[in-house]
There are 2 protein chains.
Amino acid sequence: MTDVRTESGTRARTRRAILDAAVDVLTADPAASLGDIATAAGVGRTTVHRYFPERADLLAALSKSAWDQVTEATERARPAEGPAAAALDRLCQEYFDLGRVLMLVFNDPQQYATADWDACSPADQSLLDLVERGHEDGTIDPRLSPLWVQNVLWSMLYSAWQYAQDAQVSRHQALDMCLYSLRKTLRP
Amino acid sequence: MTDVRTESGTRARTRRAILDAAVDVLTADPAASLGDIATAAGVGRTTVHRYFPERADLLAALSKSAWDQVTEATERARPAEGPAAAALDRLCQEYFDLGRVLMLVFNDPQQYATADWDACSPADQSLLDLVERGHEDGTIDPRLSPLWVQNVLWSMLYSAWQYAQDAQVSRHQALDMCLYSLRKTLRP
DNA sequence: CCGTAGCGGAACAGCTGTGTTCCACTCGTA
DNA sequence: TACGAGTGGAACACAGCTGTTCCGCTACGG
């Protein structure tokens, strides 16, 4: 009945509306109340509680949603194919498109850290593997450890999102800058 | 009487203790209560209110403190002397030492945005000037706009702090990685 | 030794967010 | 038309944080 997968069409739709609104509102103000989220979703606060009994449940669902999106994006980028540097390029582009959803799990990781997320996720792992492959095939600077590359990739993405907001620059241009800089950094 | 500059020795000391504790606690949990901060400072909650009547006053003082530290660090780096790339190196090192204080104003800029801070501060401005100088003297890649360099610098610093925490890596090594990567990115 | 500066703690009222319950409303559909 | 699913809103109790007041304590200097 309450199983997500066997939900009716309407229920699934309002559930999504709430989650989407939560992303919008919480990125703007991480301490926003459930009332704010409900309003943004065009929904009563009661309804929010119907779908997510406690605040933590909503946050967990949000975290899982983000996790799923990252996993899908990672698969789309086919990180194991071709030269490592090129694969990392694809990965970067895919992640960039996810946008705001990821700003959340960045800014307060401890908020959204659930059982799924805290451990080294498959997506994280495939990135680390990718970097090691790059060390071997000579397309990534061996002085840069996988963990450091991971850090730089994410923070560079963060920069790009910020840049697209602050400067009057298209998302495409911001991504270009990001890729250009990242390539220079990783180049052997 | 309540003027910060004419405070007695003891008052100045407890004021600092509260501010320091606030940095510690708020970096760990941005939504921490005043009680938590008071406890961390080894001080009664009443005392906190004696120095900072409202929460906003404490946050403003924190913001101002961070602002002052950034300004001092910027001056120490002498951003207008020598080749631009080298000056930016010095700037990066100075900023890195400020550490956690800056994580605060990053993570929720709208929290700490005061009249001083929101406008383009002298520190920000001298960084932007520095990059333009680098374009002219040929030590910084002209394809990278000043604003983008600013974004990258800060997020690279953030990476380094994160890296020093997560990986079992000394702060010095993290800074080395940061500088190495930044140099590669900015190189013409 | 006394007075004052500085502090801690208890107590209080007010506010905001949360979680819950209950009732009424509006749709589709059998 | 009657029914049930899905919803919104009002109302409530509860908890936590905040800001304030007041009282008692300690330490230090004249």
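Proteins get letters first, then strands, A, B, ... in listed order; numbering begins at 1 in each.
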Look at A/T47 and D/dT7 and indicate whether a side-chain polar atom (N or O) is within less than 4.0 Å of OP1 or OP2.
no
Whole angstrom value for the distance that separates P of C/dT18 from CZ of A/F52
15 Å
What is the separation between atom CG on A/L58 and atom C1' on C/dG19, rounded to the nearest whole Å?
14 Å
Taking all non-hydrogen atoms of both residues into account, name the closest pair between B/I140 and B/L130 and its distance.
CD1-O, 4.5 Å
Using whole Å, what does the distance between atom P of nucleotide D/dT20 and atom CZ of B/R55 come to?
15 Å
With no hydrogens and no angle check, do the side chains of A/S181 and B/T185 hold a donor and an acceptor under 3.5 Å apart?
no
At a cut-off of 3.5 Å, list every protein nitrogen or oxygen paired with a nitrogen or oxygen from nucleotides 23-29 of chain C, distance to 0.1 Å.
none

What is the separation between atom CZ on A/R11 and atom C1' on D/dG6, rounded to the nearest whole Å?
8 Å
Taking only heavy atoms on the protein side, list every residue of residues 35-46 of chain B lying under 4.0 Å from any atom of DNA chain D, sorted numerically.
B/R45, B/T46
For C/dG6, does either OP1 or OP2 sit under 4.0 Å from a side-chain N or O belonging to B/Y51?
no
For the side chain of A/T14, counting heavy atoms from C-beta on, which of C/dG17, D/dT7, C/dC7 is nearest?
D/dT7
Would you confirm whether B/S63, through its side chain, and B/L59, through its main-chain N or O, come within 3.5 Å as a donor-acceptor pair?
no
Backbone N/O of A/L147 and side chain of A/N151: donor-acceptor pair under 3.5 Å:
yes
Using atom CG of B/D57 as one end and atom C1' of D/dT18 as the other, report the distance to the nearest whole Å.
13 Å
For residues A/A61 and A/L19, report the shortest heavy-atom separation together with the two atoms involved.
CB-CD2, 4.0 Å
May I have the distance from B/L34 (atom CG) to D/dT18 (atom P), rounded to whole angstrom?
4 Å
Can you measure A/E54 atom CD to C/dG17 atom P for me and round it to whole angstrom units?
18 Å
Value for OH (A/Y163) from CD (B/Q150), rounded to nearest 0.5 Å, stands at 10.5 Å
Salt-bridge present (B/R133, B/D129; N to O < 4.0 Å):
no
Could you walk me through whether B/Q173 and B/Q168 pass side-chain contact (heavy atoms from CB on, under 4.5 Å), step by step?
CA-CA 10 Å; B/Q173 284 172 307; B/Q168 58 284 36; over 6 Å; no
Is it the case that the side chains of A/E75 and A/T71 hold a donor-acceptor pair, with the cut-off being a distance below 3.5 Å and no angle test?
no
Which one, D/dC17, D/dT20, C/dG6, comes nearest to the side chain of B/H49?
D/dT20
